[in-house]
Number of protein chains: 2
Amino acid sequence: MTSPHGSDPEQQPRQARHTRDDVAETALRILDDHGLPELTMRRLAAALDVQPSALYWHFPNKQTLLAELSDRIASRGRALPFAPVTPGDWMIVTAAEAQSLRDALLAYRDGAEVVSSSFALGLGASVPLTRLRAAIGRGEFDAETVSRASAALLHFILGHVSHEQQRLQYDSLGVAAGPESDEGTSAFEFGVLLFIEGLAQHAASRSTTR
Amino acid sequence: MTSPHGSDPEQQPRQARHTRDDVAETALRILDDHGLPELTMRRLAAALDVQPSALYWHFPNKQTLLAELSDRIASRGRALPFAPVTPGDWMIVTAAEAQSLRDALLAYRDGAEVVSSSFALGLGASVPLTRLRAAIGRGEFDAETVSRASAALLHFILGHVSHEQQRLQYDSLGVAAGPESDEGTSAFEFGVLLFIEGLAQHAASRSTTR
DNA sequence: ACCTGAACACCGTTCAAGT
DNA sequence: ACCTGAACACCGTTCAAGT
């Protein structure tokens, strides 16, 4: 039953005409408020006060919608434009880029999982990948090394933050917290550092051998 | 395989009494033959010639079943017992362990995704994590470093192989192959190497600073 | 351009009851 | 110990038709 004057939370004004952007933003709100498993096409339609079938005018399918959310989540963090390229600054820039990507993912509930699954399907993770490539590309590596290192780092980031967010809501569900509290950040930094040091070392050993 | 009279494709003998092991193995076969999205409780029940509700006597829910599959997939690769610990061999052993985990994941369709999602939920990835810990633990790192490095490496491996398998069936679906064919192995090795070199470098810089 | 109405072909899970 | 039968409460997607 629908009440005549519902001042329901999670509901767009009252209008029956929506744009693709409305749909995406409402989906993001459901995601953030209730998590990925609760983000269904039917629930999204209800939040927009619309029939489920109406969503398929805006997006061809759910996967495409999720890719769109993925892009929005991963792009929320502004790219601070580092103008000057000084030798060795790729390490700092890469670390900063990794941190800002983590922050962007953490800004939405289940953000990492959304981006991760879209990325696995070859969709929606082009922004973070591009940024990591740009950061690592400041070093003097060949194109293939940049590509591989970026992908590897992105895999670590997505896996780590997914794990982190899983444990977050596990804890918030009151499952008698494990030993670690915000161990997340330093463990993350450690992982990123490992990558960066590995890459630096790799380059160094190559130029020594030559 | 395991069944005594197996002739039917995707169907256990004819008996109506099954063990937990039957259920898991049949599920693995559906997974390998048709992929994760097709592995539904109802389809699994049909393959076992049983009502869907019967499965819930063996497993409390689908998630638990997937965790069991995850364990089986990740444990298929034998642990070759390296008896002697010689200095610096952690690098070789870790690389070998990573390779063998990748092989295990590749042995089943969607294997990486199954393990990955169970791992994200804190289930079913204890075997690979234990093995990686044991390998890295051969180096002279403190316990926390070993833990973090293992988790980081595992995240990379799961992400990488998931991606690899996704593209495998994408290609096999005839979507006009991209430029790379079995670029997978060397990109994987590169990622693992980055980690190992990073860890070695990290340890070296620490002992120099002290 | 954007949505309704109604249907299709599915899901995971529960539970009393059977053997 | 292992399964049936029947139901509950959902899914994503399609498509003719409406405005």
Side-chain angles (χ1 to χ4, degrees), chain A residues 1-2 6 10-28 30-31 34-70 110 113-114 117-118 120-121 123-124, chain B residues 2-4 10-28 30-31 33-70 110 113-114 117-118 121 123-124:
Chain A
M1 301 303 186
T2 41
E10 188 180 302
Q11 204 120 340
Q12 219 71 350
R14 188 134 291 279
Q15 281 294 348
R17 243 100 234 248
H18 297 286
T19 128
R20 189 184 155 97
D21 189 73
D22 289 338
V23 177
E25 287 301 320
T26 304
L28 276 177
I30 296 177
L31 177 70
H34 306 280
L36 185 55
E38 307 254 285
L39 176 54
T40 67
M41 295 302 266
R42 299 180 105 99
R43 178 156 193 171
L44 174 55
L48 288 163
D49 217 351
V50 132
Q51 294 296 318
S53 51
L55 300 176
Y56 291 84
W57 193 88
H58 299 283
F59 294 93
N61 50 51
K62 190 179 183 179
Q63 196 173 112
T64 306
L65 170 63
L66 288 175
E68 174 67 33
L69 302 190
S70 179
D110 291 339
E113 216 192 316
V114 172
S117 55
S118 287
L121 291 163
L123 307 167
Chain B
T2 38
S3 54
E10 192 177 299
Q11 202 119 345
Q12 221 68 354
R14 189 131 293 278
Q15 281 295 344
R17 245 97 236 250
H18 297 288
T19 128
R20 187 184 156 97
D21 190 73
D22 289 336
V23 176
E25 287 301 319
T26 304
L28 276 177
I30 295 177
L31 177 70
D33 290 346
H34 305 280
L36 185 56
E38 306 256 283
L39 176 54
T40 68
M41 297 301 266
R42 298 180 106 100
R43 179 158 192 169
L44 175 55
L48 288 162
D49 217 351
V50 130
Q51 295 296 318
S53 51
L55 300 176
Y56 291 83
W57 193 89
H58 299 283
F59 294 92
N61 49 51
K62 191 179 182 180
Q63 195 174 114
T64 307
L65 169 65
L66 289 175
E68 173 69 33
L69 301 190
S70 178
D110 291 339
E113 216 193 315
V114 171
S117 55
S118 287
L121 292 162
L123 307 167

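Labels below follow one simple rule: chain letters A, B, ... track the order of the sequence lines, proteins then strands, and each chain is numbered from 1.
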Euclidean distance for P, D:dC10 against C:dA9 (whole angstrom) | 22 Å

For C:dA17 versus D:dC2, give the span between their P atoms, rounded off to a whole number of Å.
-> 22 Å

Atom-pair distance (OH on B:Tyr56; P on C:dT13), nearest Å = 4 Å

Rounding to a whole Å, what distance do you find between B:Arg42:CZ and D:dA7:P?
-> 13 Å

Taking all non-hydrogen atoms of both residues, which atom of B:Leu48 and which atom of B:His18 are closest, and how far apart?
-> O-NE2, 2.9 Å

B:Gln51 has an atom CD; how far is it from atom P of D:dC3, in whole Å?
-> 11 Å

Given C:dA1, is OP1 or OP2 found less than 4.0 Å from the side-chain N or O atoms of A:His58?
-> no

Grab the NZ-C1' distance between A:Lys62 and D:dT14 for me, whole Å please.
-> 17 Å

Between the side chains of A:Thr64 and A:Asn61, is a donor N or O closer than 3.5 angstrom to an acceptor N or O?
-> yes

Residue B:Met41, side-chain heavy atoms: nucleotide from D:dT13, C:dG12, C:dT14 that is nearest | C:dG12

Listed nucleotide nearest any side-chain atom of A:Ser53, set C:dC3, D:dC3, D:dT14 | D:dT14

Spacing of A:Arg20 atom CZ relative to C:dA1 atom P, expressed in whole Å | 15 Å

Rounded to the nearest angstrom, tell me the gap between atom CG in A:Leu55 and atom P in C:dC3.
-> 9 Å

Spacing of A:Asn61 atom CG relative to D:dC15 atom P, expressed in whole Å = 14 Å

Consecutive-pair stems (3 or more, Watson-Crick or G-U, under 3.5 Å) for DNA chain C = C:4-8 with D:12-16, C:12-16 with D:4-8

B:Thr40 vs C:dC11: side-chain N/O to OP1/OP2 distance below 4.0 Å | yes

Drop me the distance from A:Met41's CE to A:Phe59's CZ, to the nearest 0.5 angstrom.
-> 8.5 Å

dist A:Arg43:CZ -> A:Thr26:OG1 (nearest 0.5 Å) comes out at 12.5 Å

Whole Å only: how far is the CG atom of A:Leu44 from the C1' atom of D:dC10?
-> 16 Å

Kindly point out which of C:dC2, C:dG18, C:dT13 is positioned nearest to the side chain of B:Pro52?
-> C:dT13

Measure the CG-CG distance between B:Leu36 and B:Leu39 for me, rounded to the nearest 0.5 Å.
-> 6.5 Å

Find the distance between CD (B:Gln63) and OG (B:Ser70) and round it off to the nearest 0.5 Å.
-> 11.5 Å

Please round to the nearest 0.5 Å and tell me the distance separating atom CD1 of B:Ile30 and atom CG of B:Leu44.
-> 5.0 Å

